[in-house]
2 protein chains.
Amino acid sequence: MSSSRATLIEVAKLAGTSKTSVSRFFGPERDKLSSVLQSRIEQAAQSLGYQPNLMARGLKGGGSRLLGMLVADIRNPFSVAIVHGVELAARAHGYSLIVCNTDNDPEQEQKHLASLAAYQVEGLIINAAGQPEPQLQALMKGGIPLALLDREVRQLDAKVIGLDNVLAIDMALDHLVQQGYRSVLYVSETPEHASARLERLKRFNQQAEALGLDSQTLVLSSLAEHSAIPILKAFAEHPTTVPKAVLCANGNATLAMVRSFQHLGLAMGPLGLIGIDELDWCELVLPGITTLAQPTDVIGHAAIACLLNQFPQRARELPVQYRHPPTLITRGSTTFPG
Amino acid sequence: MSSSRATLIEVAKLAGTSKTSVSRFFGPERDKLSSVLQSRIEQAAQSLGYQPNLMARGLKGGGSRLLGMLVADIRNPFSVAIVHGVELAARAHGYSLIVCNTDNDPEQEQKHLASLAAYQVEGLIINAAGQPEPQLQALMKGGIPLALLDREVRQLDAKVIGLDNVLAIDMALDHLVQQGYRSVLYVSETPEHASARLERLKRFNQQAEALGLDSQTLVLSSLAEHSAIPILKAFAEHPTTVPKAVLCANGNATLAMVRSFQHLGLAMGPLGLIGIDELDWCELVLPGITTLAQPTDVIGHAAIACLLNQFPQRARELPVQYRHPPTLITRGSTTFPG
DNA sequence: ACCTACCTTGGGAACGTTCCCATTTAGATT
DNA sequence: AATCTAAATGGGAACGTTCCCAAGGTAGGT
């Protein structure tokens, strides 16, 4: 017995059959074998502790059973939740996932894309950091299914899966209006490289006007984190008779705003606060932060389904929903006193 | 020009040389080639957009350049921070990382381990959920380097990398004592399957006694989340003259305790609170939660170094530190008024 | 009894790479 | 000038699998 892993041929020899039959046993053609042979192979494989070598399988057109995923920021809890959903779904369909984190760096993104291609992934789920259109175009031409997560890539004909941004903004504004707020400050990270941010911002401007709200926007720059504080201060102190609220476009914006609220000693509620993305701590920061939670598992599942539908051999289409509705979680931060 | 990916042979043909030379160009023997040939190959590869097929390479003993990582709970922000650190280090050494999440389920763990083996990973970083000793034993015998993260596996002769648990508990208790607290409730998730939890608990009992503290422990069960509340209540209301504090063994325990504090209307500070693991929101929950931050990037780096040192061909040893000291971040939750 | 058809099984090539070894060429030493 | 050594290059086998096609066997229909 060698210390190294057993191969197909060794199993075949032990079972007194050919490598082809053993190969069939581990593939989708198992039932073409007689039950006698099946059990002989099963026993031999068991006793050798045989495990198919997926590298070899990947080489000879059998498919690598690998999916690649590119995440812009793995330290964002929301991204992690999505990764978790995608992994669950991938596993359920017999695929493994290579997760690569780009830290929002287009250069890293290029490198990761190259190495994922080198691993012959059968599909790619991409939460783009930059606009890697040329590489993705090439991969698509090579027949690799793609699904974009949350952010579209210009000029690229691939589906985008994510939150229903229009609905999310509408729900947030409806809730604020219903709670009595009439003036809203919209806070977002820089929208340039993320289409979801752009969609939300655009809809905010549009809908705030339609509802006749007093509106203002604040774009956070990661470079000058503290530049947000004077703007929030000005917004909070601006003399007006109507109740005011802050709407945060994602979890990071919410985090930055809560820090700013505390820095300025502002109370949540009197000055409203609502954020897209539900995070662990939103219920802990008193009086609790109202959020719109994204259905992360569902989104992950949809991304995999979208990929699977693009496989040529697949017979029936799995249903895929591209835009997903959030869930409103109401807490104290959007209760105007009195 | 085919739509499929270019191969070594096509590059060789275009460059007017042999596949061996092209192979050398992309391997570690590049400088054995004359500079003329090198530039010819470089140009040919460029123009065909050639990318080595890592599956084929992995097959013929060239190494898959893949590392596998098993994470017990990917939704724990601390785990993610470690993954991030490991990924950074892996990438820096030219390896890619397959991250598998076991959701603390030993059965999932077995499956993932099998599939990582099938992908011919060259090394494994394992944050164990159960005690997968037999499989790991087999992998080690097969020559696959292992590094354990945070949790040891019984009977397995592999290095464990993680926090210096003894030091962490000592630092926490020293800080509490220094702040005037004399009675401590230690809160941990169930320590059965995680050696780090066990080490911390053991050291707590030992050191609390050495320091002459009034001590008590509370083991959280994920099944009965609310069972913690009456115990905390009893601890808080127990009549005594000395200041009391709660020490949380990890981020999850801290989260549960903060929820319980709020549920019971307890103020942090008068009843002290300190936790191991630094999280985004610890500064946001007023008056701020004192924590011991783990050096996650450093730990990730150490894990990779540990792996690399086990590769047979490697000449010099990289220095590896197995136990890492935390950093104390002092906030209001451990300030006793007056 | 024979042909046809199907079901089961096995042999061989191919996938794209790396590695071993053989060959060529050039430079150095006697 | 002849030989030796080292460097540069190429040819072929091997890695473990899947897929194509062929071969043998068993039935069913004529």
Side-chain angles (χ1 to χ4, degrees), chain A residues 2 4-41 44-45 48-66 115 117-120 122 142-143 313, chain B residues 2 4-41 44-45 48-66 115 117-122 142-143 312-313:
Chain A
S2 131
S4 168
R5 308 250 315 277
T7 78
L8 204 54
I9 305 216
E10 297 177 272
V11 175
K13 213 177 298 176
L14 183 61
T17 179
S18 73
K19 57 188 164 51
T20 307
S21 295
V22 179
S23 171
R24 276 199 253 268
F25 181 80
F26 286 98
E29 304 182 88
R30 174 178 304 198
D31 34 345
K32 285 198 175 174
L33 301 177
S34 68
S35 55
V36 201
L37 189 52
Q38 278 192 41
S39 63
R40 268 212 328 268
I41 293 175
L48 289 175
Y50 170 72
Q51 277 267 340
N53 180 332
L54 294 199
M55 290 280 167
R57 174 182 304 196
L59 187 54
K60 186 57 210 293
S64 64
R65 299 306 247 170
L66 268 182
S115 82
Y119 283 117
Q120 316 288 108
E122 294 187 56
Q313 77 278 16
Chain B
S2 127
S4 170
R5 309 252 314 277
T7 78
L8 203 53
I9 305 216
E10 298 177 271
V11 176
K13 214 178 300 177
L14 183 62
T17 179
S18 72
K19 56 189 163 50
T20 307
S21 296
V22 181
S23 172
R24 277 199 253 267
F25 181 81
F26 286 98
E29 304 182 88
R30 174 179 305 200
D31 34 345
K32 286 199 176 177
L33 301 177
S34 69
S35 55
V36 202
L37 190 51
Q38 279 192 41
S39 62
R40 265 206 341 260
I41 293 175
L48 289 176
Y50 171 73
Q51 278 267 338
N53 180 332
L54 293 198
M55 289 280 166
R57 174 182 304 198
L59 186 54
K60 185 57 209 289
S64 63
R65 299 307 247 171
L66 268 183
S115 83
Y119 283 117
Q120 315 288 110
V121 293
E122 294 188 57
Q313 78 279 15

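These numbers come from the heavy atoms of this one structure, side chains and all, not from hydrogens, waters or symmetry mates. So you know, we letter chains A, B, ... as the sequences are listed, proteins then strands, and number each from 1.
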Atom pairs under 3.5 Å: protein N/O with N/O of nucleotides 9-15 of chain D:
from	atom 1	to	atom 2	distance (Å)
D:dT9	OP1	B:Ser34	OG	2.9
D:dT9	OP2	B:Ser34	N	2.7
D:dT9	OP2	B:Ser34	OG	3.4
D:dG10	OP2	B:Thr17	OG1	2.2
D:dG10	OP2	B:Ser18	N	3.3
D:dG10	OP2	B:Ser18	OG	3.4
D:dG10	OP2	B:Ser21	OG	3.0
D:dG10	N7	B:Arg24	NH2	3.1
D:dG10	O6	B:Arg24	NH2	3.1
D:dG11	N7	B:Thr20	OG1	3.2
D:dG11	O6	B:Thr20	OG1	2.9
D:dG12	N7	B:Lys19	NZ	2.8
D:dG12	O6	B:Lys19	NZ	2.7

> Quick check: does any side chain N or O of A:Gln38 sit under 3.5 Å from a backbone N or O of A:Arg30, one acting as donor and the other as acceptor?
Replying inline: yes
> Just by modelled atom types, is the B:Glu29 backbone N or O under 3.5 Å from a matching donor or acceptor in the B:Arg24 side chain?
Replying inline: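 Side chain of B:Arg24 to backbone of B:Glu29: no pair is present.
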Which atoms form the tightest heavy-atom contact between [X] and [Y], and what is the distance?
X        : Y       : answer
B:Ala118 : A:Gln51 : CB-OE1, 3.9 Å
A:Phe26  : A:Pro52 : CD2-CG, 4.1 Å
A:Ala15  : A:Ala44 : CB-CB, 3.8 Å
B:Met55  : A:Leu54 : SD-O, 4.1 Å
A:Ala6   : A:Tyr50 : O-CD1, 3.4 Å

Rounded to whole Å, how long is the line connecting atom [atom1] of [X] with atom [atom2] of [N]?
X        : N      : atom1 : atom2 : result
B:Met55  : C:dT17 : CE    : C1'   : 13 Å
A:Arg57  : D:dC19 : CZ    : C1'   : 13 Å
A:Leu8   : C:dG10 : CG    : P     : 12 Å
B:Gln120 : D:dT17 : CD    : C1'   : 11 Å
B:Phe25  : D:dA8  : CZ    : P     : 15 Å
B:Arg65  : C:dT18 : CZ    : P     : 11 Å
B:Glu29  : D:dA8  : CD    : C1'   : 12 Å
B:Gln38  : D:dA8  : CD    : P     : 10 Å

Check: protein-nucleotides 22-27 of chain D nitrogen or oxygen pairs below 3.5 Å:
none

> Just wondering, do B:Phe25 and B:Val11 contact through their side chains at under 4.5 Å, heavy atoms?
Replying inline: no
>> Less than 4.5 Å apart, side chain to side chain, heavy atoms only: is that true for B:Asn53 and B:Thr7?
In response: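 Counting from C-beta outward, B:Asn53 and B:Thr7 never come under 4.5 Å.
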> Counting any heavy atom closer than 4.0 Å, what does B:Tyr50 reach on the DNA or RNA strands: base, sugar-phosphate only, or nothing?
Replying inline: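 Answer is sugar-phosphate: B:Tyr50 comes under 4.0 Å of backbone atoms only.
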